[in-house]
*Asks:* 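Structure provided below as structure tokens; questions to follow.
In this text, all values refer to a predicted model and were calculated from it rather than measured experimentally.
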Amino acid sequence: KDSFSQAGGLSGPHLEFGYRELFLGFQGGCLGEVSAGALLLGTGILIWKKYLSWKIPLSYIATVAVFTWIFGGSKLCQGDFIFHILSGGLVLGACFMATDYVTSPITGRGKIIFGMGCGLLTGIIRLWGGYPEGVSFSILIMNAAVPLIDRFSRPRRFGVKKA
């Protein structure tokens with residue numbers, strides 16, 4: 001067994017699974033969010049076909065991982081970040097909901113800022129909020145900030161004098 005199951009994990013009278021089960025989808029959950037492996041495979045295909053940029057999903061998942069590792073445990077830097085990545089709708093939200101063409105930033109730098117903001121809000125809502133998930137709320141909040149992100153991450157035009 002992996003360290004998640006040995007450290008307590010999600011276990012009960014008839015429930016015991018670890019990281020492998022979370023990755024492969026052998027646990028209950030909402031439609032489309034249970035198999036992180038299948039979601040990552042689909043995301044990889046979309047990135048390879050150039051339908052999707054890697055910047056939002058990677059910055060989103062990495063920010064959640066770092067934030068929950070630092071603040072998710074009983075002491076600093078002892079949180080179980082793998083559990084936070086594989087459970088819930090994080091991979092679904094990061095790879096398919098946050099990357100919507102209409103509501104995500106246009107520039108590359110803006111996409112990274114957007115993903116980091118979504119990850120930070122997701123971590124805050126999961127760790128200290130009254131709602132256990134936080135993915136959908138963080139994406140909605142950051143969607144409201146997209147015009148500002150686009151405005152401040154716009155590339156500078158060379159050869160044009162400021163008025």
Side-chain angles (χ1 to χ4, degrees), residues 4 10 19 22-25 27-158 162:
F4 177 65
L10 296 175
Y19 296 139
L22 285 170
F23 184 76
L24 295 175
Q27 83 285 348
C30 293
L31 180 68
E33 72 178 22
V34 293
S35 178
L39 291 169
L40 290 172
L41 178 66
T43 302
I45 291 170
L46 290 176
I47 290 172
W48 177 62
K49 293 275 214 176
K50 299 196 188 309
Y51 291 122
L52 193 67
S53 171
W54 59 268
K55 294 175 182 173
I56 293 175
L58 184 66
S59 61
Y60 193 159
I61 293 171
T63 303
V64 170
V66 169
F67 188 81
T68 56
W69 174 68
I70 293 173
F71 298 110
S74 58
K75 296 179 183 176
L76 288 179
C77 300
Q78 290 186 348
D80 189 6
F81 65 93
I82 299 173
F83 171 74
H84 283 278
I85 291 172
L86 296 178
S87 65
L90 177 67
V91 176
L92 176 68
C95 297
F96 295 103
M97 292 167 55
T99 56
D100 180 37
Y101 289 132
V102 177
T103 59
S104 61
I106 297 170
T107 64
R109 188 171 18 153
K111 290 178 182 188
I112 292 172
I113 293 168
F114 179 78
M116 291 174 68
C118 287
L120 186 66
L121 287 171
T122 299
I124 289 170
I125 293 170
R126 278 187 175 187
L127 295 179
W128 299 303
Y131 189 67
E133 184 53 37
V135 172
S136 58
F137 290 130
S138 68
I139 293 171
L140 288 173
I141 291 169
M142 287 305 294
N143 281 343
V146 166
L148 285 174
I149 294 171
D150 277 340
R151 181 177 181 170
F152 291 113
S153 66
R154 186 175 13 187
R156 201 167 149 200
R157 290 177 24 192
F158 292 105
K162 290 186 179 181

*Asks:* Starting from the C-alpha separation in whole Å, work towards a yes-or-no answer on side chain to side chain contact (heavy atoms under 4.5 Å, CB included) for Phe23 and Val91.
*Replies:* CA-CA 10 Å; Phe23 184 76; Val91 176; over 6 Å; no

*Asks:* Using the side chain to side chain contact (heavy atoms under 4.5 Å, CB included) rule, take His84 and Thr122 through it: C-alpha gap first, then chi angles, then the decisive distance, then the call.
*Replies:* CA-CA 10 Å; His84 283 278; Thr122 299; over 6 Å; no

*Asks:* According to side chain to side chain contact (heavy atoms under 4.5 Å, CB included), who are the partners of Ala65, at least two apart in sequence or on a separate chain?
*Replies:* Phe81, Ile85

*Asks:* Checking Ser136 now: which residues fulfil side-chain hydrogen bond (donor to acceptor under 3.5 Å, both in side chains) with it, not counting sequence neighbours?
*Replies:* none

*Asks:* Going from OG on Ser53 to CG on Leu46, what distance comes out if it is rounded to the nearest 0.5 angstrom?
*Replies:* 12.0 Å

*Asks:* Could I get the full list of side-chain hydrogen bond (donor to acceptor under 3.5 Å, both in side chains) partners for Thr43, not counting sequence neighbours?
*Replies:* none

*Asks:* Which value, rounded to the nearest 0.5 Å, describes the distance between Ile125 atom CD1 and Ser138 atom OG?
*Replies:* 5.5 Å

*Asks:* Taking side-chain hydrogen bond (donor to acceptor under 3.5 Å, both in side chains) as the definition, give me every residue that meets it alongside Asp150, ordered by chain and number, with sequence neighbours left out.
*Replies:* none

*Asks:* Which residues pass the ring pair (Phe, Tyr, Trp, His ring centres under 6.0 Å) test with Phe152, not counting sequence neighbours?
*Replies:* none

*Asks:* Would you indicate whether the side-chain heavy atoms of Ile139 and Cys118 approach each other to under 4.5 Å?
*Replies:* yes

*Asks:* Could you tell me if the side chain of Phe137 sits less than 4.5 Å from the side chain of Leu121, heavy atoms only?
*Replies:* no

*Asks:* Can you name the nearest heavy-atom pair linking Ala94 to Thr99, along with the distance?
*Replies:* O-CG2, 3.6 Å

*Asks:* Can you list every salt bridge (Lys or Arg N to Asp or Glu O under 4.0 Å) pair that touches residues 36-63, not counting sequence neighbours?
*Replies:* none

*Asks:* Can you list everything that forms a ring pair (Phe, Tyr, Trp, His ring centres under 6.0 Å) with Tyr101? Sequence neighbours excluded, please.
*Replies:* none

*Asks:* Which value, rounded to the nearest 0.5 Å, describes the distance between Ile70 atom CD1 and Leu127 atom CG?
*Replies:* 11.0 Å

*Asks:* Residues in side chain to side chain contact (heavy atoms under 4.5 Å, CB included) with Ile149, at least two apart?
*Replies:* Pro105, Ile113, Phe114, Met142, Ala145, Ser153

*Asks:* Hey, what do you get for OG1 (Thr103) to CG (Asn143), rounding to the nearest 0.5 Å?
*Replies:* 4.0 Å

*Asks:* So which pairs with a foot in residues 61-73 pass side-chain hydrogen bond (donor to acceptor under 3.5 Å, both in side chains), sequence neighbours left out?
*Replies:* none

*Asks:* Return the minimal non-hydrogen interatomic distance between Tyr131 and Gly134, and the atom names on each side.
*Replies:* CD2-N, 3.5 Å

*Asks:* Which distance, rounded to the nearest 0.5 Å, do you find between the CG of Leu40 and the OG of Ser35?
*Replies:* 8.5 Å

*Asks:* Hey, could you give me each pair passing ring pair (Phe, Tyr, Trp, His ring centres under 6.0 Å) that has a residue in residues 45-68? Not counting sequence neighbours.
*Replies:* Phe67-Phe71, Phe67-Trp128

*Asks:* Can you tell me if CE on Met116 sees more than 12 non-hydrogen neighbours from other groups inside 6.0 Å?
*Replies:* no

*Asks:* With rounding to the nearest 0.5 Å, note down the distance linking CD1 in Ile47 to CG in Leu58.
*Replies:* 8.5 Å

*Asks:* Any idea which heavy atoms bring Val135 and Gly93 closest together, and the distance?
*Replies:* CG1-CA, 3.8 Å

*Asks:* Can you list every pair that meets salt bridge (Lys or Arg N to Asp or Glu O under 4.0 Å) and has a residue in residues 107-131, with sequence neighbours left out?
*Replies:* Arg126-Glu133

